[in-house]
Amino acid sequence: SRPAATAVAHPNIALVKYWGKRDDELILPVAGSMSMTLDAFATTTTVELLEEGAATDSFILNDAPASGKPLERTVAFLDHVRALAGSERRAAVTSVNEAPTGAGLASSASGFAALALAASTAYGLELDERALSRLARRGSGSASRSIIDRYAVWHAGTDDESSFAEEIEAPDLRLVIVTVDAREKAVSSREAMRLTAQTSPFYEAWIGSTEASLEEMTRACAAGDATRIGEITESHALRMHAVISSTEPPVRYLAPGSVAVFDVAVRLREQGVPVYGTADAGPNVCLLTTPEHADQVAAAVEGLGEVRVVGPGPGARLLD
Ligand code: DP6
């Protein structure tokens with residue numbers, strides 16, 4: 001039988017966001033970030049090496065042959081794995097996402113984390129967690145964090161070796177995910193990130209502010225301070241959306257429905273509930289809260305979108 005491996009990985013939601021690259025080719029970020037790996041929305045990916053002489057890779061995503069950008073990025077990633085392994089063999093990649101497509105959770109993070117583990121194993125590379133995180137980073141920056149269990153810090157680093165994610169201790173938390181709009185976003189994070197670096201007058205301030213947020217977040221995690229973790233998460237997320245809306249031409253991901261969810265968090269906080277919002281490059285909002293308050297928060301956003309409560313989950317794993 002031909003060499004093959006199957007891996008599963010989950011998306012992650014950043015509490016301190018990655019937004020901006022110092023190196024597009026190596027995917028080195030301008031600042032570090034911190035995230036929760038989710039216990040839901042798994043991506044399962046199988047990589048099987050083809051016979052010597054096969055001319056092209058294939059990529060089946062959710063039962064349909066992929067083309068365009070997704071295929072290009074997968075082939076480029078396999079080229080990188082082949083270079084590391086000293087192999088020229090092509091591969092067949094099959095991937096299935098549990099996340100509803102377009103919900104903003106069928107993310108490149110779980111996809112490239114699962115692909116990094118399955119491909120490196122099929123090509124015979126034996127990578128430790130750090131090397132796997134660095135490899136996943138080359139597919140998509142945020143994928144470096146989906147390798148890691150529960151909570152991850154991605155150290156910005158200064159070169160390929162020093163830019164990787166590792167686990168950080170943090171209190172048990174829940175994210176109430178509110179899908180206010182399941183349509184595909186108009187501008188990809190990759191594109192909008194580049195536009196921010198090139199055109200925002202606030203970009204330098206954003207970088208400094210992210211470094212400060214990560215330092216504070218690290219302290220709040222060490223102290224087990226869920227409230228402080230939430231406060232940093234919400235301010236930082238809104239700063240990211242501020243710098244994104246300051247581009248030329250402007251990009252705006254938050255919709256009226258997103259703002260309504262942030263307003264629910266404000267209202268609940270007035271009642272003493274520790275709940276804080278965050279959103280990635282799209283309109284869907286995640287509310288961060290403690291396990292004890294998750295049901296109350298979920299009930300409070302009912303009617304504002306599809307609601308799902310998730311907690312910290314495992315990093316990338318091989319399946320037999
Ligand atoms: C808003 O990891 O998708 O979700 O490295 O270009 O593939 P590339 O970008 P990607 O960007 C994620 C952006 C974010 C914030 C985050 O996850 O930290």
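When a residue number appears, it is its place in the shown sequence, counting from 1. Remember, it's 1-based here, ligands and their atoms both numbered in the order they're listed.
- Proximity of S33 to ligand 1 is not established, as no heavy-atom distance is less than 4.0 Å.
- For the residue pair N97/T43, the side-chain donor-acceptor check at 3.5 Å is satisfied.
- Of all atoms in ligand 1, listed by their number and element, those nearer than 4.0 Å to a heavy atom of I27 are 5 (O).
- Heavy-atom contacts of A281 reach the following atoms of ligand 1: 1 (C) (cutoff under 4.0 Å).
- Salt bridge E231/R228: present, at least one basic N to carboxylate O contact under 4.0 Å.
- For the pair G139 and ligand 1, the shortest N or O to N or O distance does not fall below 3.5 Å.
- Closest to atom 16 (C) of ligand 1 by heavy atom, among R190, R145, M193, is R145.
- Per-residue contacts place S108 under 4.0 angstrom from the following atoms of ligand 1 (heavy atoms of the residue considered): 3 (O).
- Using a 4.0 Å cut-off between heavy atoms, N12 makes no contact with ligand 1 at all.
- With S140, S35, S146, A143 as candidates, the residue nearest to atom 3 (O) of ligand 1 on a non-hydrogen basis is S140.
- Between W19 and ligand 1, a contact under 3.5 Å exists for no N or O pair.
- Shortest contact from atom 4 (O) of ligand 1 to any protein heavy atom: D280 CG, 3.4 Å.
- Under the 3.5 Å distance criterion, with hydrogens and angles disregarded, no donor-acceptor pair is assigned to the side chains of S200 and W206.
- Listed by number with element, the atoms of ligand 1 under 4.0 Å from a non-hydrogen atom of K21 are 5 (O), 6 (O), 8 (P).
- When all heavy atoms of P201 and S246 are compared, the closest pair comes out as CD-O, 3.6 Å.
- For S142, heavy-atom contacts with ligand 1 shorter than 4.0 Å involve the backbone as well as the side chain.
- With no hydrogens or angles considered, a side-chain donor-acceptor pair links S146 and N12 at under 3.5 Å.
- Between the side chains of K17 and S213, no donor N or O sits under 3.5 Å from an acceptor N or O.
- For residues 107-117, no residue pair satisfies the salt bridge (charged side-chain N to carboxylate O under 4.0 Å, His left out) rule, not counting sequence neighbours.
- Residue contacts with ligand 1: R73 is placed with a nitrogen or oxygen under 3.5 Å of a nitrogen or oxygen of the ligand (distance criterion only).
- Inclusion of Y18 in the set of residues having an N or O under 3.5 Å from an N or O of ligand 1 is warranted.
- Judged by the 6.0 Å distance and 45° axis criteria, R308 is positioned over the aromatic ring of F41.
- For P3, the side chain to side chain contact (heavy atoms under 4.5 Å, CB included) partners two or more places apart in sequence, or in a different chain, are L49, R89.
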